[in-house]
Amino acid sequence: MESNEEPEALAPPPDALPPPPPEIPPNVVPVQLTTDTFPEETKKTPKLKRSPITRRGVGSRGQKIQLVTNHFKVSISNTGGHFFHYSVSLYYEDGRPVDATGIGRRLIDKVHETYGSDLAGKDFAYDGEKSVFTIGALPRNKMEFTVLLDSFSSNRNSGNGSPVGNGSPNETDKKRMRRAFQSKTFKVEMSFAAKIPMQAIAAALRGQESENSQEALRVLDIILRQHAAKQGCLLVRQSFFHNNPKNYVDLGGGVLGCRGFHSSFRALQGGLSLNMDGSTTTIIQPGPLIDFLIANQNVSNPFQIDWAKAKRTMKNLRIKVSPTNQEYRITGLSENSCKEQMFSLKSRAADGNDVESFDITVYDYFVNHRSIDLRYSGDLPCINVGKPKRPTYIPVELCSLLSLQRYRKALTVHQRSQLVEKSRQKPQEKIRILADVMKSNNYAAERMLRSCGITISSHFTQVQGRVLPAPKLKAGNGEDVIPRNGRWNFTNKRFFEPSKIENWAVVNFSARCDVRGLVRNLIKFGEMKGILISDPMDVLEENAQFRRAPPPVRVDKMFEQIQTAFPDAPPRFLMCLLPDRKNSDIYGPWKRKNLAEYGIFNQCLAPTRVNDQYILNVLLKINAKLGGLNSLLAMEQSRNIPFVSKVPTIIFGMDVSHGSPGQSDIPSIAAVVSSRNWPLLSRYRASVRSQSPKVEMVDSLFKLTADKKDDCGIVRELLLDYYKSSGQTKPAQIIIFRDGVSESQFNQVLNIELEQIIEACKFLDESWSPKFTVIVAQKNHHTKFFQDGSPDNVPPGTVIDNAVCHPQNYDFYMCAHAGMIGTTRPTHYHVLLDEFGFSADDLQELIHSLSYVYQRSTTAISLVAPVRYAHLAATQISQFLKFDDMSETSSSHGGLTSAGQTPVPELPELHHNVRSSMFFC
């Protein structure tokens with residue numbers, strides 16, 4: 001995080017003259033400047049830059065509990081030393097720059113090995129790109145080195161276009177092989193860039209963060225990355241992965257999940273610590289290239305492979321070629337099959353003087369000149385490892401993929417669920433694995449850490465937590481519901497505010513199930529929960545001839561049936577049965593048709609095992625969508641929530657959903673949900689907009705129309721809804737929960753997003769100045785907590801606001817839910833701004849309570865409901881874009897964004913029937 005700004009020096013009195021320069025010519029009289037001297041725009045007062053607030057205290061409520069955490073205490077004795085930062089430039093012998101990827105570490109290691117005496121014996125910490133760090137200075141500020149790397153040019157050989165092989169090479173082949181294995185010369189330049197005092201780490205521990213302290217901790221992280229790189233690990237940001245098949249899990253499609261570890265140094269209240277946690281990435285299945293392609297395309301033999309698709313998949317993958325074991329990077333495919341692809345082979349004539357050249361196929365070359373048996377490659381394309389104008393062709397069956405190559409494309413739903421399922425570890429298993437890796441890493445032997453005077457404990461850090469009591473809930477007829485272990489049930493209880501289901505129908509997209517039995521159960525259980533469900537007006541079965549049509553066509557054809565069955569007006573509610581349990585392609589077009597075009601409430605089901613709990617879960621969602629309430633906080637009903645129940649308050653939950661890795665051109669979807677019907681905290685609505693891909697800051701919170709006369713942004717829409725639904729009351733207080741931002745973006749949340757929200761308020765009423773509380777919720781971190789000596793996860797309601805929290809800023813961890821599988825991941829809350837004046841206890845209790853108002857389940861969830869709803873809304877609306885070629889035009893719901901002026905597809909507006917509903921439930 002950026003540090004608070006330094007206070008400005010006191011300004012001189014307004015009528016004082018500026019101080020004179022050192023020497024004033026005798027004929028010059030100083031002139032006092034007035035505001036008239038400057039243009040009008042410079043008179044504007046610059047906006048105050050906000051920074052995250054400091055901690056105001058810690059909580060005391062709840063039952064104390066002793067815990068351990070995956071942070072390992074670090075002591076540092078050489079605080080008087082300095083890290084020296086040098087910029088690195090790498091060049092070929094002819095002066096062309098070298099891309100450091102893959103070769104940078106080899107070159108820097110060679111410099112260290114060859115020129116150790118010239119470097120005053122200094123060890124390097126190299127980041128793999130353009131920076132080297134040393135402890136103490138190198139002899140000179142700028143140093144140049146020439147290094148030789150043996151056998152570097154594995155993919156730069158065979159320049160005449162002939163393939164690589166083995167057997168009994170002729171003279172041309174011998175020259176080619178000598179050329180492949182000869183040394184290559186490189187130039188390495190190092191230039192002094194910065195000096196970083198180790199004292200900055202100690203300052204960070206006192207809460208005095210600076211750019212120096214961030215850089216010093218970064219150097220320590222780089223030392224650990226380098227330590228892992230020397231062991232042959234794959235490095236992915238702060239995580240490292242060993243080449244050990246025991247760590248691999250098969251995800252299908254030629255993709256493996258690879259288990260590894262995350263490590264990072266953190267300056268915390270309890271001192272400097274090393275955070276060590278499990279981590280997972282996805283890699284290409286190593287081994288025969290043809291096996292990967294068959295698995296990736298889900299075909300049964302090489303002759304069914306789609307080679308155009310394979311070419312995109314294989315681009316830049318690294319292979320080893322049999323039988324020479326040389327390594328290459330794939331650049332493409334041959335245009336023709338191995339038996340038809342020709343190239344020019346040069347060989348010495350029989351007299352030993354002239355060089356003859358003749359055309360030959362790749363297949364003939366390997367079979368007849370190399371004596372290599374090719375079983376199936378003859379009729380398949382060759383793998384090209386050369387350049388576009390100087391190709392080098394290899395038969396596919398001689399190619400094997402190297403291990404630890406990242407798979408960067410989007411995972412399928414099945415692959416993602418397999419990755420999650422196979423990555424889970426119970427608390428005691430995780431403790432054992434982390435303890436083992438701390439021993440095997442042997443950080444005590446790392447020379448650079450020793451030079452810093454750093455020692456890392458192998459013991460988990462002990463912390464004290466508190467377990468907050470679960471809030472009491474209210475069901476129908478004023479009955480109390482008492483959660484136990486983060487769960488509650490509705491047995492013999494009615495929903496707090498049940499809705500009615502009438503004028504409805506069932507739509508079946510070829511799902512195999514007992515539709516009539518499902519409807520009977522729904523009506524029976526609905527009655528038990530207080531929901532009056534009439535018989536459906538119709539059950540519409542998909543016409544068999546459209547089952548294989550594109551999803552949008554299937555949906556359109558079904559709506560033709562719906563219009564025939566309901567000629568006067570569309571039904572109020574549709575229950576849709578889908579054939580696929582996970583991620584049906586029909587889902588996106590179906591939701592868009594219902595929510596944007598017709599305004600029909602709907603519930604999708606993929607019924608496989610229908611039991612009482614399944615029916616209850618479906619009813620929970622339907623009731624919330626139709627405007628009912630399943631349960632609410634007892635404090636909500638009695639208006640006893642501190643700060644919130646007595647003063648009109650709106651709660652925002654904000655999230656931005658991005659495309660999966662590998663989908664760089666998919667627009668990001670920004671969603672904001674807001675509470676309505678104050679003083680309730682259990683009912684919300686959403687507003688969703690598209691914006692430029694991978695842009696994290698929401699850019700349409702306040703958005704003027706082209707004529708500058710109106711605001712068409714998200715916040716205005718939500719504030720007007722609050723006003724109408726809350727008895728014509730404007731909120732005097734606004735609580736903002738923001739998901740998905742990192743610490744480096746906290747200042748942007750305060751100075752970009754919050755500023756837009758304030759502008760939206762002022763645009764509605766210039767004299768209106770509500771108070772704000774801004775809280776970031778983070779799930780994407782690596783801190784875990786364990787009960788010492790217990791196999792169980794930490795109990796629901798556990799909160800930690802000491803030891804592993806920030807030395808100065810206001811943050812805490814909360815595990816509101818009961819972790820049933822794997823190890824509980826706490827939510828890390830950061831309070832960036834609090835103008836209400838919450839006590840630590842009151843704020844923690846509010847956040848804990850907001851984990852119990854999630855209408856889709858009868859369990860506490862891991863983070864506040866508004867944030868989860870925002871995520872659901874963004875995810876659901878993003879499905880609208882899946883099969884759409886929406887116009888790339890600017891409008892209030894998309895178009896040009898301030899973040900890069902990239903046109904993005906506009907989202908359709910939701911129909912007014914469903915716009916203010918909890919359609920996302």
Side-chain angles (χ1 to χ4, degrees), residues 1-8 44-56 204 207-211 213-214 643 649-656 668 670-674 691 695-703 711 713-716 718-719 731-763 768-781 805-812 827-838 840 843 846-847 863-864 866-867 870 897-899:
M1 283 181 289
E2 295 180 22
S3 62
N4 292 342
E5 292 188 330
E6 291 292 328
E8 294 180 6
K44 292 179 181 175
T45 306
K47 284 178 181 170
L48 179 69
K49 188 177 180 186
R50 303 180 189 90
S51 296
I53 62 171
T54 56
R55 185 182 304 279
R56 292 176 179 167
Q208 299 165 359
E209 279 196 293
S210 64
E211 203 171 310
S213 62
Q214 291 172 7
F643 290 95
T649 303
I650 188 172
I651 297 177
F652 288 154
M654 297 168 53
D655 187 32
V656 178
S668 293
V672 184
V673 304
S674 63
Q691 57 188 45
V695 171
E696 183 54 52
M697 291 298 116
V698 183
D699 66 1
S700 51
L701 296 168
F702 173 68
K703 196 165 190 176
D711 169 18
I714 290 174
V715 172
R716 177 188 175 91
L718 299 179
L719 289 174
Q733 300 178 146
I734 299 177
I735 302 176
I736 301 163
F737 287 102
R738 180 63 160 95
D739 187 29
V741 292
S742 63
E743 292 178 32
S744 63
Q745 295 169 313
F746 287 176
N747 281 11
Q748 290 175 272
V749 171
L750 289 173
N751 295 293
I752 297 175
E753 290 184 339
L754 177 59
E755 191 59 38
Q756 286 185 71
I757 294 170
I758 292 170
E759 284 187 75
C761 293
K762 292 293 184 189
F763 197 87
W768 177 33
S769 297
K771 292 180 179 178
F772 290 92
T773 290
V774 181
I775 302 164
V776 168
Q778 288 180 334
K779 292 284 285 180
N780 191 21
H781 61 83
C805 293
H806 194 277
Q808 182 182 26
N809 293 353
Y810 190 175
D811 67 328
F812 58 90
T827 301
H828 193 183
Y829 290 103
H830 302 259
V831 185
L832 306 190
L833 179 68
D834 175 22
E835 294 178 343
F836 296 19
F838 278 109
L843 186 58
L846 172 65
I847 287 172
L863 76 172
V864 290
V867 163
T897 71
S898 61

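What's counted below: heavy atoms across the whole structure, side chains too, no hydrogens, waters or symmetry copies.
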Looking only at atom types and distance, does a side-chain atom of [X] sit under 3.5 Å from a main-chain N or O of [Y], one as donor and one as acceptor?
| X | Y | value |
| --- | --- | --- |
| Asn809 | Thr54 | no |
| Gln756 | Val698 | yes |
| Gln733 | Phe836 | no |
| Arg56 | Asp834 | yes |
| His806 | Gln808 | yes |
| Gln691 | Met697 | yes |
| Asn751 | Arg50 | yes |

Going by heavy atoms in the side chains, are [X] and [Y] under 4.5 Å from each other?
| X | Y | value |
| --- | --- | --- |
| Phe838 | Ile847 | no |
| Ile650 | Pro770 | no |
| Trp768 | Leu719 | yes |
| Tyr829 | Val864 | yes |
| Ile734 | Phe652 | yes |

### Message
Apply side-chain contact (heavy atoms from CB on, under 4.5 Å) to residues Leu832 and Val776 and explain how you reach the verdict.
### Response
CA-CA 7 Å; Leu832 306 190; Val776 168; 3.7 Å; yes

### Task
Could you go through the side-chain contact (heavy atoms from CB on, under 4.5 Å) check for Asn747 and Lys49 one step at a time?
CA-CA 8 Å; Asn747 281 11; Lys49 188 177 180 186; 4.2 Å; yes

Which distance, rounded to the nearest 0.5 Å, do you find between the [atom1] of [X] and the [atom2] of [Y]?
| X | Y | atom1 | atom2 | answer |
| --- | --- | --- | --- | --- |
| Ile735 | Ile651 | CD1 | CD1 | 4.5 Å |
| Ile53 | Leu750 | CD1 | CG | 9.5 Å |
| Ser700 | Asp711 | OG | CG | 10.0 Å |
| Lys762 | Phe702 | NZ | CZ | 12.5 Å |
| Leu718 | Leu701 | CG | CG | 9.0 Å |
| Cys805 | His830 | SG | NE2 | 9.0 Å |

### Query
Partners of Glu696 by side-chain contact (heavy atoms from CB on, under 4.5 Å), sequence neighbours excluded?
Val656, His658, Arg738, Val741, Gln745

#### Entry: Identified side chain to side chain contact (heavy atoms under 4.5 Å, CB included) counterpart of Leu833 within the set Leu754, Ile775, Ile736, Thr773
Leu754

### Query
Is there a side-chain contact (heavy atoms from CB on, under 4.5 Å) between Phe643 and Leu843 once you walk through the steps?
CA-CA 10 Å; Phe643 290 95; Leu843 186 58; over 6 Å; no

### Task
Of all the heavy-atom pairs spanning Phe746 and Pro52, show the shortest one and how long it is.
CB-CG, 4.1 Å

### Message
Testing the basics here: between Ala204 and Ser213, what is the closest heavy-atom pair and its distance to 0.1 Å?
### Response
CB-CB, 3.7 Å

### Message
If only side-chain N and O atoms count, and only distance matters, is there a donor-acceptor pair under 3.5 Å linking Asp811 with His828?
### Response
yes

